[in-house]
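Read through the structure below, which is laid out as structure tokens, and then see the notes.
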Amino acid sequence: MKQDIILSGVGGQGVLSVATIIAAGAIKQGLTVRQSEIHGMAQRGGEVLVHLRISDKSIESDLIPRKTADFILSMEPLESLRHIEYLAEGGMVITSINPVVNINNYPEEEFLLRQIQSLPQYRAIDAKGIAIKAGAAKSVNVVLAGAASKKISIDTRLLEEAIRDQFIAKGKKIVDINLKAFHLGREAECPISFN
Amino acid sequence: MADMLVLGDEALAMGAIDAGLSAAYGYPGTPSTEIMEFLMKQRNAPDNITAQWCANEKTAFETAVGVSYAGKRSLVTMKHVGLNVASDAFINSALLEIHGGLVIAVADDPGMHSSQNEQDSRFFADFAKIICLEPKNHQEIYNMTMEAFELSEKFHIPVMIRLVTRLSHSRSLVKTGEKRSKNPLQKSPNRLGWLALPSLSRKNWQKLLEDQEAFKVYSEQGKYNKLYINPEFREYGVITTGLGGNYFKENSSELPHQPSHLHIGIYPVPEEKIRLLADAVEKIIVIEEGYPLLERALASLTGTGKKIHGKLDKTLPPAGELNPDIIRQTLGLPVKKGIDITIRDLPDRIPQLCSGCPHEYTFKAICEALQECEESIVTSDIGCYALGALPPYKAVETILCMGASIGMAKGAFEAGHKNVIATIGDSTFYHSGIPPLIDAIAFNADITVVIMDNSTTAMTGGQQTILPSHRLEKLIEGLGVLPENIRLMNPIEKYREKNRNIIKSAIEYKGLSVVISSRECLQSIKKGKRNTL
């Protein structure tokens, strides 16, 4: 078993936390994990990119080779397309449809959604709406972890455990909100349609 | 801890703790910062390790050398360009009779993710003639750190561990070993080995040159320099260093023939192993993350006739960081079939100042004050405020290195320019802005130094500055700037007009003036709130 996941988003969206949750779940399952991040200047309001590699064998490169990622898990539609060159044939994009507009030349939303829709395999969800429904707009990232969970070869219970570990310091209420976000994300429908 | 993913930086800190570390010093710098941050979290643990940020990398290095003289093990951390700052102490420390183990952890940034250059610290280790260890994964980081302390005490030299961004900021599991106890407090018995006087240095230099043989023997036998010879395949062989080894392995299983391969993790390089590889192949491909250090040495090591391919002949790109795709191409493997879609012209999200950042209002005040000036120069420095060079501010014109803004402003004024402003952050000012300010005071340079004081080292994630903000004004006064030439401002929209006038009056003053523009970093405020929850 080997899964290579590109995680992307904008600074502040919790891309690193999602990576940590999935990675922690993978470790609980006894898998080998590599999680490569970029900190510092690149993170300040900018694009965040994480390479997450999970395998039952040893892993050589911290970076995922281009055209081999099993899926791209993105917190944001523009960022879901930015690293498309990493996606393998048959790979899937899982993304939120809610844009984070912090630049003047942000593309038309419809353009982005059409691009996503033109991909052979995608799952685009209203992560923000779902996060609010779960009780905290900030949990967009965990909603997306939920949406990805059906595709990730990690036992769902282990991912739930990882979510508990991640948020336990903030109290039971926060844990419950995030578990709810995870499950709503897991069952979420794909709302975009231009047909 | 056993089941936790750790950053490469954290693996290094764990190795140092388990090696019996007593003290660690450093200056924040991406991608090295998390080494010290991890050690600081352990401060209250039973180990009671001293872990401190210092004014700059040089003072950090010197403090660590002092710990070594007293017999204890010490670690010093910095990013690659920080080693430039510490280099005087670093190069000379190789001539001292290092006593307690002294390990220098330097994190390079190939690709310049968060740096102004991509210099390769292995050259510094080579220059100082010390041993350098270059890990390629987290377990090696941990193990090599333990080993580095042993080597330092065995050979009486500082030992360098070279990290790179992709290792520092990658996470993996690490198996920890048995913890060694700390060294007793016992200063070096060899006083003559600690005096950098010409007569003694000549002897110590001779000894260091003689010791190179012993370093080479260690490198030759070292398990991190691993040689595989395939006598069935002579067409080419591969030598890799650091992460180059991982990128080679990522691809090599697809090769029709496994080439002979030498991976190097210990410097000075194992010359005999290199010769064995060279004898077994017609040509050599060199894959090293960084400048072509090994490649340059190869021609003289392998003799004539062997073709060497690497960065010098542009088989590999000379600039930027390596990745598995580049190496795939180098090895002549076909491009993988990915998803057949290209999406062009997606706009970049340029890093930007946080909305409401104090720097924004300092830049506005400067730009507005300069509007009526016919000529002006605004120099700047290393920190978040470097983003003031980009739109919408376009407020600053030069960025060189830590502390350069003030000296450059003085130079521009002395060349004959009017209305020269230096902009520098508080942490950068403490780091290396004070000596050039003394120069400016001594010659009463007609420049305005704007210290953008946000009470933190913001760019690297908000480490505490070496002195609290309220001591800044007294410090500058103490250096000799007259109190009436020190102006204070609060960079906030409400005082926009007032701030513009403060900068304007400072520019108009014929002589040196300092403006301290103080307001706490927004990220620090957020972090403070989080910590008090």
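We name chains A, B, ... by the order of the sequence lines, and we start the count at 1 in each one.
- Taking chain B as the reference chain and counting heavy-atom pairs below 4.5 Å, the highest number among A:L63, A:L112, A:I103 is found for A:L63.
- If you measure heavy-atom distances from A:L119 to chain B, the contacts under 4.5 Å come from both the backbone and the side chain.
- The contact between A:V100 and chain B is made by backbone and side chain atoms together, counting heavy-atom distances below 4.5 Å.
- Listed by chain and number, the residues in a side chain to side chain donor-acceptor pair (under 3.5 Å) with A:S149 are A:R186 (sequence neighbours excluded).
- Proximity of B:I287 to B:V238: side-chain heavy atoms (C-beta onward) are separated by under 4.5 Å at one or more points.
- Neither the backbone nor the side chain of B:I326 comes within contact range of chain A; no heavy atoms are under 4.5 Å apart.
- In this structure, the side-chain contact (heavy atoms from CB on, under 4.5 Å) partners of B:N117, at least two apart in sequence or on a different chain, are B:H80, B:V81, B:Q119.
- In this structure, B:K226 and B:H261 have side chains that are not in contact, with every pair of non-hydrogen atoms separated by 4.5 Å or more.
- Looking at B:L243, the atoms closer than 4.5 Å to chain A (heavy atoms on both sides) all sit in the side chain, from C-beta outward.
- Both the backbone and the side chain of B:P347 come within contact range of chain A, judged by heavy atoms closer than 4.5 Å.
- Closest heavy-atom contact between A:N141 and A:K138: OD1-O, 3.5 Å.
- For B:D348, the parts lying under 4.5 angstrom from a heavy atom of chain A are both the backbone and the side chain.
- Residues satisfying the side-chain contact (heavy atoms from CB on, under 4.5 Å) criterion with A:K28, sequence neighbours excluded, are A:L158, A:E161, A:A162, A:D165.
- With a 6.0 Å radius and a threshold of 12 heavy atoms from other residues, nucleotides or ligands, A:K2 has its NZ atom above the threshold.
- The residues B:E254 and B:K336 are annotated as salt-bridged, a charged nitrogen and a carboxylate oxygen being separated by less than 4.0 angstrom.
- Of the residues considered (A:Q121, A:H51, A:R66), A:R66 shows the highest number of contacts with chain B, using heavy-atom pairs under 4.5 Å.
- Near-neighbour residues of residues 71-92 of chain A relative to chain B, defined by a heavy atom under 4.5 Å from a heavy atom of that chain, comprise A:E76, A:L78, A:E79, A:L81, A:R82, A:I84, A:L87, A:A88, A:E89.
- Among all heavy-atom pairs drawn from B:G244 and B:L322, the shortest one is CA-CD1, 4.3 Å.
- Proximity of a side-chain donor or acceptor of B:R166 to a complementary backbone N or O of A:D62 within less than 3.5 Å is not detected.
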